[in-house]
Amino acid sequence: MSILIKNVKVVGSPGISEKDKLSVLIENGIIAEIAKSVSAKAKESIDGEGLFLIPGLVDLHAHFREPGFENKETVETGAHAALHGGYVACMTMPNTNPPCDNASVVQNILEKASKIPFYLFPCGTISKQREGKELAEMAELKRAGCRAVSDDGDYVEDALLTRHAMEYVSMLDLLYISHAEDRALSRNGVMNEGKVSTRLGLRGIPNMAEAVAVARDLTLAEFTGARLHIAHVSTREAVSLIRAAKRKGVKVTAEVTPHHLIFTDEALTAYDTNFKVNPPLRQEEDIKSLREGLLDGTIDCIATDHAPHREEEKDLDFEEAPFGTTGLETAFSAVLTELYHKRKALSLADIVRLMSRRPAELLGAAEFGLIKKGIEANVALVDLAKEWTVKKDYFQSRSKNSCFIGQNLKGQVVLTISKGKVWKFV
Ligand code: DOR
Ligand code: ZN
């Protein structure tokens with residue numbers, strides 16, 4: 001099976017100029033040639049005129065809901081959503097039922113994923129049952145294929161348990177992913193604490209709930225030497241704490257989601273539950289800090305926190321509805337619209353670094369995040385100029401709870417090639 005992409009500009013390929021129009025030949029799933037012209041005949045030919053070929057995106061934070069919540073998303077529907085959005089690899093969070101706290105759940109997920117031309121990295125839990133009481137068998141999780149652990153959705157409250165978890169993580173060279181939220185401070189909150197929550201009469205989650213949790217985990221990471229990754233950073237205070245810790249040499253990395261980079265708590269004015277996410281959407285000052293953090297390297301990457309939920313659940317009263325927005329199918333377009341087109345803050349090469357190369361490095365999966373002769377073809381073909389409106393019927397995900405519905409975006413993934421297979425959903 002051979003594919004020839006012609007007249008395409010290539011970004012994210014060492015030594016290749018982004019200005020040249022090139023031909024890229026893929027043979028048996030491998031990038032066989034990148035050149036001004038390729039004489040070989042291919043079975044499938046794709047015209048890349050006006051388009052860019054970039055490394056397939058890599059997401060460190062997605063919820064595929066299997067096992068246990070297959071009515072929201074499965075490994076298969078999650079992978080299709082990912083491929084639709086230009087992703088070739090995702091780390092899936094362990095807040096499933098049963099949670100991913102032992103080898104058999106990991107193996108089960110990997111077995112399902114092996115049937116799809118896509119890369120899935122299951123994240124194990126930190127504690128058994130995600131209860132925050134007893135440590136999961138991390139060595140077993142690692143042997144089964146986990147590269148990271150997290151109790152995502154929950155913060156590990158017990159500082160001593162966290163210390164022990166980080167000691168193991170350090171010994172086993174895993175990544176400790178923290179959902180940094182002090183529950184005593186955020187308890188019962190449903191949105192950001194501030195003027196808007198007062199106006200709407202909704203209980204707030206203050207910035208300090210994140211800041212306190214981040215500060216503790218940074219302290220423990222410094223003492224234990226663990227590699228700590230702060231998930232979905234949302235506050236200016238967390239950005240400053242992480243920046244200072246990095247300067248001190250703490251092994252910390254961080255991610256931010258497109259929704260936290262784009263929307264403020266004002267988006268909740270109509271009580272639209274698709275904007276109910278955890279951590280909550282914050283304020284303009286926070287967005288400003290998050291963007292500065294991305295530009296100066298304090299925040300390493302953009303992750304989706306793709307969190308599918310059923311329509312019936314999202315239709316509940318604001319206070320009752322679950323937290324979460326889907327993200328895999330809009331992340332690239334949303335980042336491009338806001339930070340490339342509108343603000344001119346990031347180049348396409350920056351976006352490739354933040355959404356592909358750097359997350360791949362943090363996963364320890366150096367085979368992703370670049371385009372090079374001789375490696376497997378895991379790439380996305382993108383149209384930077386395509387203007388479109390996000391509609392419910394666009395999604396491959398089993399759930400449609402996207403906070404981007406109705407938004408006009410500029411830029412779209414045309415197709416994704418994963419393990420050498422072409423995925424085009426239109
Ligand atoms: O908004 C969120 N949804 N934040 C989380 O931390 C968990 C996630 C979920 O699992 O739905
Ligand atoms: Zn989380």
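Residue numbers run from 1 in the order of the sequence given. Keep in mind that what you see is a predicted model, and the values were worked out from it rather than measured. Note that ligands are numbered from 1 as they come in the structure, with each ligand's atoms numbered from 1 the same way.
Residues Arg343 and Glu338 are paired through a salt bridge, judged by an N-O separation under 4.0 Å between the basic side chain and the carboxylate.
When only modelled atom types and interatomic distance are considered, Asp152 and His63 share a side-chain donor-acceptor pair under 3.5 Å. The closest side-chain donor-acceptor pair between Glu376 and Tyr119 falls under 3.5 angstrom. With 3.5 Å as the limit, one finds a donor-acceptor pair spanning the side chains of Ser347 and Asp350. In this model, no donor atom of one side chain and acceptor atom of the other lie less than 3.5 Å apart for Asp305 and Thr257. In this model, a donor atom of one side chain and an acceptor atom of the other lie less than 3.5 Å apart for Glu73 and Ser397. Residues Ser234 and Arg282 have side chains that bring a donor and an acceptor to within less than 3.5 angstrom of each other.
Distances under 2.8 Å from the Zn ion (ligand 2) pick out the protein N/O/S atoms Asp152 OD1, His179 ND1, His232 NE2.
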### Message
What verdict does the salt bridge (charged side-chain N to carboxylate O under 4.0 Å, His left out) test give for Lys195 and Glu266, after you've listed the backbone C-alpha separation in whole Å, the side-chain angles of each residue and the deciding distance to 0.1 Å?
### Response
CA-CA 10 Å; Lys195 280 200 193 102; Glu266 292 284 353; over 6 Å; no
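Residue-environment remark: CZ (Arg163) stays at or below the threshold of 12 foreign heavy atoms within 6.0 Å.
Within 4.0 Å of ligand 1, the residues that place a heavy atom are His63, Arg65, Asn95, Asp152, Gly153, His179, His232, Val277, Asn278, Asp305, Ala307, His309, Phe323, Gly324, listed by chain and number.
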